[in-house]
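All residue numbers in this chain count up from 1 along the given sequence.
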Amino acid sequence: MREIEILENVFLTDLYCLHLSDIEAVVVSDLHLGYEEEMNLHGLFLPKIQRDHVTSIMDRIIERYDPQKIIINGDFKQEFSKNLPSEWTDVIYFIERYDDRDLVFIRGNHDNYLATILSRENLGMLDFYEDSRYFIYHGDRDMGIKKITILGHEHPSLVLRDRVGGMYKLPAFAFNFKRNVIITPAMSFFSSGTDLSQSLLSEEHFTPSLKGMKPSSFRIFAITDEFGLVDFGYLDDLHSSGEQQIRDR
């Protein structure tokens with residue numbers, strides 16, 4: 001399935017984005033451009049594929065939805081303490097590639113120095129985005145829950161295990177239907193994700209505003225290569241002794 005409408009005009013998609021059709025916008029988070037160079041500085045040499053991965057998905061998003069507004073909900077770049085050369089290159093490349101759109105940058109905990117790069121392109125950065133219906137912020141700080149709240153930061157994923165110990169980790173959306181809270185998956189190729197069956201059930205998640213929310217209120221929608229977006233149901237129904245078993249077919 002390519003998309004699922006969970007609220008009126010609010011679509012989860014198999015392209016790692018939320019499509020908000022009423023405001024002609026998409027929301028993505030946790031792109032972590034420049035990840036390879038930061039890892040190289042620590043002695044882990046990775047192929048430089050992050051930018052191509054991100055822009056390939058973004059091109060498909062634009063082709064499918066033609067959004068007027070692209071909202072990047074935090075962690076656009078990787079390095080906390082400075083701007084790496086590859087981050088300058090990749091951020092400017094992204095901006096120039098999509099300069100026909102209204103690009104909205106929301107501050108994430110990795111974006112301490114992003115404003116310096118954005119200023120070269122006459123762009124700014126927000127702590128949050130809010131209109132009459134939506135309240136969007138990264139999630140590393142507790143800014144409350146109101147309206148339809150959209151968060152990133154958690155890098156949610158669903159971990160499936162088979163009977164012989166094989167593990168499958170799927171990027172996922174988490175939707176709290178009682179509070180109208182949506183957590184988006186990381187778009188980064190290298191972000192394997194936080195196992196929701198552990199983090200939300202144990203309340204060890206990274207996002208302060210989620211504390212105290214009952215797992216029974218979270219419905220999980222995972223992105224799969226074969227079937228697209230799949231509704232796996234409510235989180236506490238999936239959880240069994242810390243694992244989700246794949247049954248024999």
Side-chain angles (χ1 to χ4, degrees), residues 11 13-41 46-131 134-141 143 150-153 155 171 182 184-191:
F11 298 86
T13 83
D14 63 346
L15 297 177
Y16 297 81
C17 76
L18 279 179
H19 178 216
L20 311 178
S21 62
D22 52 339
I23 62 171
E24 297 184 79
V26 293
V27 182
V28 297
S29 71
D30 301 284
L31 285 66
H32 292 279
L33 294 176
Y35 183 87
E36 303 96 331
E37 184 175 358
E38 193 211 15
M39 292 299 102
N40 290 350
L41 295 175
L46 300 173
K48 187 168 173 52
I49 59 177
Q50 184 89 303
R51 187 181 77 181
D52 289 345
H53 169 77
V54 165
T55 54
S56 173
I57 296 173
M58 188 59 64
D59 287 349
R60 292 166 62 197
I61 289 171
I62 289 174
E63 181 180 3
R64 184 187 297 179
Y65 297 112
D66 192 24
Q68 177 183 341
K69 189 188 305 289
I70 299 173
I71 301 172
I72 297 102
N73 191 17
D75 287 0
F76 187 49
K77 62 187 284 296
Q78 170 64 20
E79 173 57 45
F80 292 91
S81 60
K82 57 186 174 182
N83 290 322
L84 299 173
S86 65
E87 292 178 330
W88 277 94
T89 302
D90 291 352
V91 168
I92 291 174
Y93 177 88
F94 184 100
I95 291 170
E96 292 180 348
R97 188 178 183 92
Y98 305 113
D99 64 358
D100 60 337
R101 314 284 158 167
D102 181 9
L103 299 177
V104 178
F105 294 92
I106 298 174
R107 186 187 308 275
N109 53 303
H110 283 256
D111 296 324
N112 295 333
Y113 293 88
L114 176 60
T116 304
I117 305 177
L118 296 181
S119 66
R120 297 287 182 92
E121 300 294 315
N122 296 313
L123 294 169
M125 187 162 52
L126 306 173
D127 288 329
F128 61 89
Y129 171 93
E130 185 174 9
D131 62 18
Y134 301 106
F135 182 47
I136 304 171
Y137 68 99
H138 184 59
D140 55 305
R141 294 172 291 166
M143 301 179 72
I150 300 170
L151 305 170
H153 187 56
H155 296 200
I182 306 166
T184 58
M187 186 177 276
S188 166
F189 177 84
F190 295 105
S191 296

* Measure centre to centre between the rings of Phe11 and Tyr65, then say whether the value is under 6.0 Å. => no
Distance-minimising heavy-atom pair for [X] and [Y]:
X	Y	answer
Arg107	His138	O-CB, 3.4 Å
Ile61	Pro67	O-CD, 4.1 Å
Phe76	Asp111	N-OD1, 3.1 Å
Tyr137	Ile106	CA-CG2, 4.2 Å
Phe105	Gly124	CB-O, 4.0 Å

Could you tell me whether the side chain of [Y] reaches within less than 4.5 Å of the side chain of [X], counting heavy atoms only?
X	Y	value
Arg120	Trp88	yes
Thr55	Tyr98	yes
Arg141	Asp127	yes
Met58	Ile70	yes
Ser29	Ile72	no
Val27	Lys69	no
Thr89	Arg51	yes
Asp90	Lys48	yes

* Asked: Would you call Arg60-Asp14 a salt bridge at under 4.0 Å N-O?
  -> no
* To do: Determine, for Arg97 against Asp59, whether the closest basic-nitrogen to carboxylate-oxygen distance falls under 4.0 angstrom.
  => yes
* For the atom pair CG (Asn112) and NZ (Lys77), what is the distance rounded to the nearest 0.5 Å? ->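 Asn112 atom CG to Lys77 atom NZ measures 7.5 Å (nearest 0.5 Å).
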* Could you state the interatomic distance from CZ (Phe135) to CG (Leu151), rounded to the nearest 0.5 Å? ->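 So the CZ of Phe135 and the CG of Leu151 are separated by 9.0 Å.
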* Could I get the full list of side-chain contact (heavy atoms from CB on, under 4.5 Å) partners for Phe189, not counting sequence neighbours? => Ile49, Gln50, His53
* Sole candidate of Ile62, Val28, Leu15 that passes side-chain contact (heavy atoms from CB on, under 4.5 Å) when paired with Ile57 ->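 Exactly one option meets the side-chain contact (heavy atoms from CB on, under 4.5 Å) with Ile57, and it is Leu15.
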* To do: List in chain and number order the residues that pass side-chain hydrogen bond (donor to acceptor under 3.5 Å, both in side chains) with Asp100, two or more places apart in sequence or in another chain; answer none if no residue qualifies.
  => none
* Asked: How would you list, by chain and number, every residue that makes a side-chain hydrogen bond (donor to acceptor under 3.5 Å, both in side chains) with Asp30, sequence neighbours excluded?
  ->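 Once residues adjacent in sequence are excluded, the partners of Asp30 under the side-chain hydrogen bond (donor to acceptor under 3.5 Å, both in side chains) criterion are His155.
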* To do: Using the side chain to side chain contact (heavy atoms under 4.5 Å, CB included) rule, take Leu33 and Tyr93 through it: C-alpha gap first, then chi angles, then the decisive distance, then the call.
  => CA-CA 11 Å; Leu33 294 176; Tyr93 177 88; over 6 Å; no
* Asked: With His153, which of Asp75, Asn109, Asn73, Asp140 fulfils side chain to side chain donor-acceptor pair (under 3.5 Å)?
  ->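 Checked Asp75, Asn109, Asn73, Asp140 against His153; only one passes side chain to side chain donor-acceptor pair (under 3.5 Å): Asn109.
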